[in-house]
Amino acid sequence: MAYRDTGHGEHAHHDVKYIAVFIALCILTGISVLADVVEGLPYAIKVVLVLSISTAKALCVMLFFMHLKFEGAWKYILLAPTTILAIGLPIALMPDVATRYYISAVPQDVDYEEAMAHHPDSHGSANEHDTEHPEGQPGEAHAPHAGESGNADTPPTPEAKE
Amino acid sequence: MSHHPPQPGSNLKMGLPIPNSKLGLWLFLGTEIMFFTAFIGSYIVLRIGSKGWPISPEVTHINVLLGGINTFVLILSSYFVVVAHEAMAKKNFERARMYLIGTFALGLVFMGIKSVEYFGKYQHDILPGHVAENDSQAANKAVNEFDLAVEKTGYNDLKLEIAALELEVAQAEEGKKAALEEQLSASKAAFAELGPFADAVKSLKDQVYAETIDFAAMSKRVEELKAEFPEKAAGVHEPHVILYGNIFASIYFLMTGFHAIHVIVGLILFAAVLKQGSNLDEKWTDWVENSGLYWHFVDLVWIFLFPLLYIV
């Protein structure tokens, strides 16, 4: 392939209002922080919201700050393999670790189940979460303050977080 | 491939219409994407595979506001880089230099805030392998730290020294006896001064090993001892149970640590430009563009680390 050599700096002269991109990024960050600070927001919605915001922010940075919007088709060839491999790795790990295909006796899980059995009330949002995932993907569930005692000193209340 | 080889003097060139350095940097960023998604992917997988996870900020000492401020700092610095590159392309080098100085300063601010956060983790001993995940681990950890504190006071050494001196006194000739006895009584006085702390620790240790003390009482006793012997017990942490705390700390430090290393590398890249001072010229335009691309990538990684580690 041969291209017209237009010299350097061509890509720098697109009429992008960088300040507008910057303000959009700031507003999106603010919403993320608010989503964490505001009380009463269901956990699942919070997760979906903040991760969508991150993706939107990442797109803003890549398209405008990194000029990908204005680059030639080489960007697809260059970024496709790394994207596929990057997505492939977690998917490849998923069956072993995340879906518990293997039965494992992790001591923390034993403690966790015990704590949940003793203090089901103190982990309201964890239970709420469990009902949303009947298959029992408790990944985002709140870890309790382990043990039967000492809770008075450092309350593990998930309510304090949300 | 070209069907028409470029004629000498024409402005046709082979390859991509971007500088080689930029192509190289993008290829490097391709490997970087895989590097960080390996961490993020492992984190997601480990987290989904765990029944619980410590997310309460009272427990993890994660501060969403500090993380949010750092996000803003990186976004602003990214904006500065993009303006600097634009100024470079327009040959307005003084303006570019000002914005690059701003970027560099913001990078330092980011590292400063990160240090504050790391120091907090260090103070609460939320470090990989240091976290007690249940009551008995917390009790054992407190006892071990108290033992180290006693060792540090020199109590155990003094005990041996006194035994040795007593033996020497018993065997000494009349002339040397007085001096040795004086030394012995000085050691004994020092030993007696350290006694109360060592005894208190021993009593707590016995209770913990005999399992006659529960977590709340042990916790309270540790606090009392820290208040009573503030200097001697300075190295003892308040008992703090975090279920899944070690894997949490590993992931937190691995991801933020590698990100921080990337920030430092970016600062070095910008320092190289700023070193030119007012001699900055168009030779540096590609450098600024490429280090800018790298910096945006560092920003990009943080954009994902912030919600994943601080919010979710």
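Numbers restart at 1 for each chain; the letters A, B, ... are given by sequence-line order, proteins then strands.
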Audit row: A:His67, B:His296, side-chain contact (heavy atoms from CB on, under 4.5 Å) steps and yes/no: CA-CA 11 Å; A:His67 294 134; B:His296 296 315; over 6 Å; no
A:Gln108/B:Asn134 under side-chain contact (heavy atoms from CB on, under 4.5 Å): CA gap, chis, key distance, verdict: CA-CA 9 Å; A:Gln108 283 89 342; B:Asn134 57 40; over 6 Å; no
Criterion side-chain contact (heavy atoms from CB on, under 4.5 Å) on B:Glu133 and A:Asp111, from CA distance to verdict: CA-CA 9 Å; B:Glu133 301 209 16; A:Asp111 285 350; 5.6 Å; no
Criterion side-chain contact (heavy atoms from CB on, under 4.5 Å) on A:Phe22 and B:Val83, from CA distance to verdict: CA-CA 11 Å; A:Phe22 168 68; B:Val83 175; over 6 Å; no
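Interface residues of residues 76-83 of chain A toward chain B, defined by a heavy-atom distance below 4.5 Å and sorted by number: A:Leu78, A:Leu79, A:Thr82.
Per-residue heavy-atom pair counts under 4.5 Å with chain A were compared for B:Phe297, B:Phe72, B:Trp26, B:Tyr43, and the maximum is reached by B:Trp26. Of the residues considered (B:Asp299, B:Ile33, B:Ile247), B:Ile33 shows the highest number of contacts with chain A, using heavy-atom pairs under 4.5 Å. Residue with the most contacts toward chain A among B:Val82, B:Leu308, B:Thr37: B:Val82 (heavy-atom pairs, distance under 4.5 Å). Counting heavy-atom pairs closer than 4.5 Å to chain A, the top-ranked of the candidates B:Ser78, B:Gly41, B:Gly67, B:Ala138 is B:Ser78.
Here the side chains of A:Tyr43 and B:Ile55 are in contact, with some heavy-atom distance below 4.5 Å. A:Met66 is listed as a side-chain neighbour of B:Leu29, based on a closest heavy-atom distance under 4.5 Å. Side-chain atoms of A:Lys57 and B:Thr71, non-hydrogen and from C-beta on, do get closer than 4.5 Å to each other. Here the side chains of A:Thr55 and B:Phe304 are in contact, with some heavy-atom distance below 4.5 Å. Side chains of A:Ser32 and B:Ile311 form a contact here, defined as non-hydrogen atoms less than 4.5 Å apart. Side-chain contact between A:Ser54 and B:Ile303 is present, with at least one heavy-atom pair separated by less than 4.5 Å.
Annotation: salt bridge (Lys or Arg N to Asp or Glu O under 4.0 Å) contacts of B:Lys226 (sequence neighbours excluded): none.
Of all the heavy atoms in A:Val33 and B:Gly68, the pair that sits closest is CG2-CA, 4.1 Å. Nearest heavy-atom pair across B:Ala38 and A:Leu89 is CA-CD2, 3.3 Å. Nearest heavy-atom pair across A:Tyr112 and B:Tyr244 is CB-OH, 3.8 Å.
Residue A:Leu68 touches chain B through its side chain alone, counting heavy-atom pairs closer than 4.5 Å. Within the 4.5 angstrom heavy-atom criterion, atoms from both the backbone and the side chain of A:Ile19 approach chain B.
Atom CG of B:Leu293 sits about 12.5 Å away from atom CZ of A:Phe65, to the nearest 0.5 Å. Rounding to the nearest 0.5 Å gives a distance of 12.0 Å between CH2 of B:Trp302 and OG1 of A:Thr29. For the atom pair CG (A:Asp36) and CG (B:Leu65), the distance works out to 9.0 Å, reported to the nearest 0.5 Å.
The number of heavy atoms from other shown groups lying within 6.0 Å of CD (B:Glu211) does not exceed 12.
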